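Not measured: the values here are computed from a predicted model.
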Amino acid sequence: MASRILLPILLFLLCSRGGSGAPAARRGMRVPPLGGDPVKFDFSPFLIEYKSGRVKRLMGTDVVAASADVLTGVSSRDVAIDPANDVRARLYLPSFRATAKVPVLLYFHGGAFVVESAFTPIYHAYLNTLAAKAGVLAVSVNYRLAPEHPLPAAYDDSWAALKWVLANAAPGTDQWVSQYGDLSRLFLAGDSAGGNIAHNLALRAGEEGLDGGARIKGVALLDPYFQGRSPMGADAMDPAYLQSAARTWSFICAGKYPIDHPYANPLALPASSWQRLGCSRVLVTVSEQDRLSPWQRAYYATLRSSGWPGQAEFYETPGEGHVYFLTKLSTPQAQAEMATLVAFINRN
């Protein structure tokens, strides 16, 4: 319960205008060694890595079991995607009487690539609600986290989950996917880091194609985690934040990619890559107080002007911070954003 309450508050402070965005040690708040083990990298409020290699996560570690949810009527169960790498997913199936198949939605959780999982209370509640309102078979992917598994591990795990869904559409495989999943209505969605993953999977799908000629109908990027070295918006006046963002990105990917790599900054992509984005429609949502919003708006504008033949949609919530909707599901603002996402999925 604590992580469910704290996550949006902490992300708001980190990613909203006025927040420092810098780990505690670089704000003059020294993090003490743990049992004589010096701190190697302070990524508060998410985690602290010590020189011994030990990682202490400060949030996003609570889990809840799959269940039949009384409030929404949605049933959930867990499946193994890649046992060798402990990649798993939680499937959500709404209660319905119709015999027709339903859209399939792969969802990727946020948490800066370093915390949270598909099994934490915050995402279990959100996916129950989304599956019920949209009437979809949702597959919430539990990818490996940095720093133990730096990028591109999260991308590779999520790609494996997409291939698992495609492979399990055949009779005699996964009962829920094969019996209820309509892969002609295949969607990707994610918030924050999960939005980043959804975008990068759509790019890969456009470049490599999908098994059996499958196509992604739509991608929903909810307050996606995009950044770059070039200052944008309010951060043009805050070089310390940009330096901190570059250091944390380097931590997430173990220094393999600069922050202006297309993984972090899609604006660095050539027009030809945008044109091959492997989906028919894209929804970009932005929270007004999100510090990442300049990059999110630039993503939408660049996509629209790139020559990509699909349909791009934009939705902004005024007065709210990064991923506010995760724990404000009952507020009018969150309900309106959920309704936009549901309509995006169910539009013919």
Side-chain angles (χ1 to χ4, degrees), residues 15 105-108 110 113 151-152 154-156 158-159 162 184-210 213-236 242 245-246 249 253 257-288 290-317 322 337 340-341 343-345 347-348:
C15 298
L105 172 72
L106 271 80
Y107 192 91
F108 310 101
F113 296 100
L151 292 179
Y155 300 138
D156 293 339
S158 299
W159 182 255
L162 176 56
S184 70
R185 293 181 288 169
L186 176 63
F187 291 83
L188 309 181
D191 66 277
S192 194
N196 177 296
I197 292 172
H199 158 77
N200 280 292
L201 257 63
L203 275 180
R204 185 170 175 178
E207 293 170 353
E208 300 182 15
L210 295 176
R215 289 188 57 81
I216 299 167
K217 188 169 184 179
V219 176
L221 310 178
L222 313 178
D223 291 8
Y225 180 111
F226 297 137
Q227 289 196 95
R229 190 175 302 279
S230 300
M232 298 183 68
D235 292 323
L242 294 172
W249 173 257
C253 66
Y257 312 107
I259 197 168
D260 275 326
H261 188 280
Y263 280 160
N265 184 10
L267 303 184
L269 289 166
S272 58
S273 293
W274 288 95
Q275 293 163 10
R276 292 195 298 270
L277 189 68
C279 59
S280 302
R281 293 189 283 122
V282 170
L283 169 66
V284 181
T285 75
V286 174
S287 299
E288 182 187 22
D290 190 345
R291 198 160 194 169
L292 305 178
S293 63
W295 281 277
Q296 296 157 0
R297 294 189 180 93
Y299 176 97
Y300 171 74
T302 302
L303 178 61
R304 288 198 65 189
S305 63
S306 67
W308 172 65
Q311 179 184 1
E313 303 176 34
F314 183 85
Y315 181 87
E316 182 168 354
T317 301
H322 191 64
E337 179 159 337
T340 299
L341 177 56
F344 174 78
I345 294 171
R347 187 176 305 126
N348 292 326

**Student:** For residues 193-203, which side-chain donor-acceptor pairs fall under 3.5 Å, sequence neighbours excluded?
**Tutor:**
| unit_1 | atom_1 | unit_2 | atom_2 | d |
| --- | --- | --- | --- | --- |
| Asn196 | OD1 | Tyr155 | OH | 2.7 |
| Asn196 | OD1 | Asn200 | ND2 | 2.9 |
| Asn196 | ND2 | Tyr225 | O | 3.0 |
| Asn196 | ND2 | Tyr263 | O | 2.8 |
| His199 | ND1 | Tyr299 | OH | 2.9 |
| Asn200 | ND2 | Asn196 | O | 3.0 |
| Asn200 | ND2 | Tyr263 | O | 3.4 |

**Student:** At what distance, to the nearest 0.5 angstrom, does OG1 of Thr340 lie from CZ of Phe314?
**Tutor:** 12.0 Å

**Student:** Rounded to the nearest 0.5 Å, what's the gap from CG on Leu341 to CD on Glu313? Could you check?
**Tutor:** 10.5 Å

**Student:** Are any of the side-chain heavy atoms of Val282 and Trp308 separated by less than 4.5 Å?
**Tutor:** yes

**Student:** State, yes or no, whether a side-chain contact exists between Tyr315 and Phe344 at a heavy-atom distance under 4.5 Å.
**Tutor:** no

**Student:** On a heavy-atom basis, which atom in Leu151 and which in Trp249 lie closest, and how many Å separate them?
**Tutor:** CD1-CH2, 3.4 Å

**Student:** Minimum heavy-atom separation for His322 to Ser192, with atom names?
**Tutor:** NE2-OG, 2.8 Å

**Student:** List the residues meeting salt bridge (Lys or Arg N to Asp or Glu O under 4.0 Å) with Arg276, not counting sequence neighbours, and say none if there are none.
**Tutor:** none

**Student:** May I ask you to check whether over 12 heavy atoms, not counting those of Arg304, lie within 6.0 Å of atom CZ?
**Tutor:** no

**Student:** What distance separates Ser280 OG from Gln311 CD, expressed to the nearest 0.5 Å?
**Tutor:** 9.5 Å

**Student:** List the atom of Ala312, the atom of Leu303, and the distance in Å for their closest heavy-atom pair.
**Tutor:** CB-CD2, 4.0 Å

**Student:** How far apart are the C-alpha atoms of Asp223 and Asp191, what are their side-chain angles, what is the distance that settles it, and do they pass the side chain to side chain contact (heavy atoms under 4.5 Å, CB included) test?
**Tutor:** CA-CA 6 Å; Asp223 291 8; Asp191 66 277; 5.7 Å; no

**Student:** Testing the basics here: between Asp156 and Arg204, what is the closest heavy-atom pair and its distance to 0.1 Å?
**Tutor:** OD1-NH1, 3.6 Å

**Student:** Quick check: does any side chain N or O of Gln275 sit under 3.5 Å from a backbone N or O of Ser306, one acting as donor and the other as acceptor?
**Tutor:** yes

**Student:** Evaluate salt bridge (Lys or Arg N to Asp or Glu O under 4.0 Å) for Asp290 paired with Arg297, printing each intermediate quantity in order.
**Tutor:** CA-CA 11 Å; Asp290 190 345; Arg297 294 189 180 93; over 6 Å; no

**Student:** Can you tell me how far apart CG (Leu222) and CD (Glu337) are? Round to the nearest 0.5 Å.
**Tutor:** 6.0 Å

**Student:** Assess whether side chain to side chain contact (heavy atoms under 4.5 Å, CB included) is satisfied between Leu188 and Phe108, documenting all intermediate values.
**Tutor:** CA-CA 8 Å; Leu188 309 181; Phe108 310 101; 4.2 Å; yes

**Student:** Go through Leu162 and Leu186 one step at a time and tell me if the side chain to side chain contact (heavy atoms under 4.5 Å, CB included) criterion holds.
**Tutor:** CA-CA 10 Å; Leu162 176 56; Leu186 176 63; 4.0 Å; yes

**Student:** Search all heavy atoms of Asp260 against all heavy atoms of Ala268 and return the closest pair with its distance.
**Tutor:** O-CB, 3.4 Å

**Student:** Looking at side-chain heavy atoms only, is the closest gap between Pro262 and Tyr257 below 4.5 Å?
**Tutor:** no

**Student:** If every non-hydrogen atom of Cys279 is compared with every non-hydrogen atom of Val219, which pair is closest and at what distance?
**Tutor:** SG-CG2, 3.7 Å

**Student:** Would you confirm whether Gln296, through its side chain, and Pro224, through its main-chain N or O, come within 3.5 Å as a donor-acceptor pair?
**Tutor:** yes

**Student:** Could you tell me the separation between the CG atom of Leu105 and the CD1 atom of Ile345, rounded to the nearest 0.5 Å?
**Tutor:** 5.0 Å

**Student:** Between Glu316 and Tyr300, is the side chain to side chain contact (heavy atoms under 4.5 Å, CB included) condition met? List the steps.
**Tutor:** CA-CA 12 Å; Glu316 182 168 354; Tyr300 171 74; over 6 Å; no

